[in-house]
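Below is one structure, written out as structure tokens, with a few remarks after it.
Note that this is a predicted model, so its numbers are computed, not measured.
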Amino acid sequence: MYDNRFERNGKADASIHFEAEVGLPVPSVANIESKSPAPSTGSTPIPLGLFNLLNMSRKDNLRYHQLTKEQISNPHLFLEYFCRCDIDIETFRIEILNLIRSACSSKKHGNPEDYHYNYRCLLQFLEVAHIFFRRGEKYSITANLTLCTPCTIDLSKYYHTLINSHFRNLSHEEIRNTNCFFTDLFSYKTLNDWRLTFDRIVEYAHRTQTIDEVIEDGAEMVIIKEYIEKLIEVIYLIDNTQSVIYLQSTASIN
């Protein structure tokens, strides 16, 4: 079972910074393939593909600090616990929006004792998203209506309700292919830049000074808020595709 290492408490230090990591050079997979020769063990060389996977695994362990090794290998383990057992999407959305509102105003929204915990959860969402992005994995909640069976019609109605209720910020294209959102997310900011952004949000949520006073473009927080809401939605969407009802339904219509 998932090891929840970050409990809710008001004593946690909210000023966690990642300066050391920002300076960490992280070579791309292409660089590893082009610059790293396949080592040999005795007379038997390790296949280059396996060597690259081992290097990627080591990079993952260095890069992803909020997930366990098991969750890095299989992010669905984290999704299954968090999305189904820990907190529902709308409650978590409210918690994160309260965190952002507090960073953008001198007033505290929600429970300040929960800010750091929710910030850590958001970092976990970010790392899961980056893993899916790097692996090029695509998820979708759509029914094949061309078959026009009672199953697909009911499934389409269910997805329509789900999208309108919980995935309302994602575009139709992002709902059909979650990797479209991940590409956009990490084109706008790198993984480390997003970490620093989240770090700054939780820091100013505890201050009377607002984050709008220290960022160059105050309007950027509107864009950041939209990306964060979409990040929350897409993680819950992916977990929905792993549910029993989804897997059974898609198996019956494909």
Side-chain angles (χ1 to χ4, degrees), residues 12-24 26 63 65-66 87 89-134 163-238:
D13 178 12
S15 298
I16 301 290
H17 296 282
F18 298 93
E19 287 84 351
E21 182 181 339
V22 174
L24 179 66
V26 182
R63 177 177 291 182
H65 309 292
Q66 309 301 325
I87 187 170
I89 180 173
E90 296 306 325
T91 302
F92 187 56
R93 189 200 304 269
I94 292 172
E95 294 279 0
I96 296 303
L97 291 180
N98 282 335
L99 180 64
I100 295 173
R101 291 189 187 104
S102 298
C104 295
S105 71
S106 56
K107 181 181 177 181
K108 298 295 178 284
H109 298 266
N111 186 355
E113 293 185 355
D114 290 340
Y115 289 170
H116 193 74
Y117 173 82
N118 293 323
Y119 152 76
R120 288 284 187 161
C121 293
L122 199 57
L123 284 176
Q124 290 173 314
F125 271 42
L126 181 69
E127 293 188 356
V128 167
H130 197 262
I131 291 172
F132 286 136
F133 170 65
R134 288 184 62 221
I163 291 167
N164 289 338
S165 301
H166 302 307
F167 309 135
R168 51 188 178 270
N169 290 293
L170 294 171
S171 68
H172 181 68
E173 183 181 14
E174 290 165 340
I175 288 171
R176 293 183 63 88
N177 180 357
T178 54
N179 203 43
C180 291
F181 169 70
F182 294 143
T183 301
D184 186 24
L185 179 71
F186 294 110
S187 296
Y188 185 72
K189 287 181 183 288
T190 65
L191 174 62
N192 282 333
D193 286 340
W194 275 115
R195 280 175 170 148
L196 290 171
T197 298
F198 294 171
D199 186 28
R200 179 170 282 186
I201 288 173
V202 73
E203 180 180 347
Y204 281 90
H206 286 277
R207 293 187 176 188
T208 54
Q209 184 185 18
T210 69
I211 194 172
D212 295 325
E213 298 176 30
V214 296
I215 59 178
E216 295 181 2
D217 182 6
E220 186 186 11
M221 281 305 300
V222 176
I223 300 174
I224 289 172
K225 172 184 171 292
E226 182 180 352
Y227 272 114
I228 291 176
E229 273 206 83
K230 282 190 171 187
L231 173 62
I232 293 170
E233 291 182 6
V234 81
I235 292 299
Y236 277 90
L237 184 151
I238 290 173

Open item on the list: If I take atom CD1 from residue Ile238 and atom OG1 from residue Thr178, how far apart are they, to the nearest 0.5 angstrom?
Closed with: 4.5 Å
TODO: Please identify each residue that fulfils ring-ring contact (aromatic ring centres under 6.0 Å, His included) with Tyr115, with sequence neighbours left out.
DONE: His206
Open item on the list: With rounding to the nearest 0.5 angstrom, report the CG to OH distance, Leu99 to Tyr119.
Closed with: 10.0 Å
Task: Ile201 side, atom CD1; Leu122 side, atom CG - distance, nearest 0.5 Å - done: 7.5 Å
- [ ] For the pair Ser106 (side chain) and Thr208 (backbone), establish whether a donor and an acceptor sit closer than 3.5 Å, ignoring hydrogens and angles.
- [x] no
- [ ] Salt-bridge test for Arg93 and Glu90: reply yes if a basic N is under 4.0 Å from a carboxylate O, no otherwise.
- [x] yes
TODO: Could you tell me whether Arg207 sits above the aromatic face of Tyr204, with NZ or CZ closer than 6.0 angstrom to the six-membered ring centre and within 45 degrees of the axis?
DONE: yes
Open item on the list: Closer than 4.0 angstrom, basic N to acidic O: yes or no for Arg63 and Glu127?
Closed with: no
TODO: Drop me the distance from Leu237's CG to Glu174's CD, to the nearest 0.5 angstrom.
DONE: 10.5 Å
Open item on the list: Restricting to ring-ring contact (aromatic ring centres under 6.0 Å, His included), what partner residues turn up for Tyr227, sequence neighbours left out?
Closed with: Tyr188, Trp194
- [ ] Please name the residue in the list Phe181, Phe133, Phe132 that meets the ring pair (Phe, Tyr, Trp, His ring centres under 6.0 Å) test with Phe186.
- [x] Phe133
Task: Atom pair CG (Asn118) and CD1 (Ile87), whose distance is rounded to the nearest 0.5 Å - done: 6.5 Å
TODO: Quick one: list whatever passes salt bridge (Lys or Arg N to Asp or Glu O under 4.0 Å) with Lys189, sequence neighbours left out.
DONE: Glu220
Open item on the list: Quick check on the 6.0 Å ring-centre criterion: do Phe92 and Phe125 meet it?
Closed with: yes
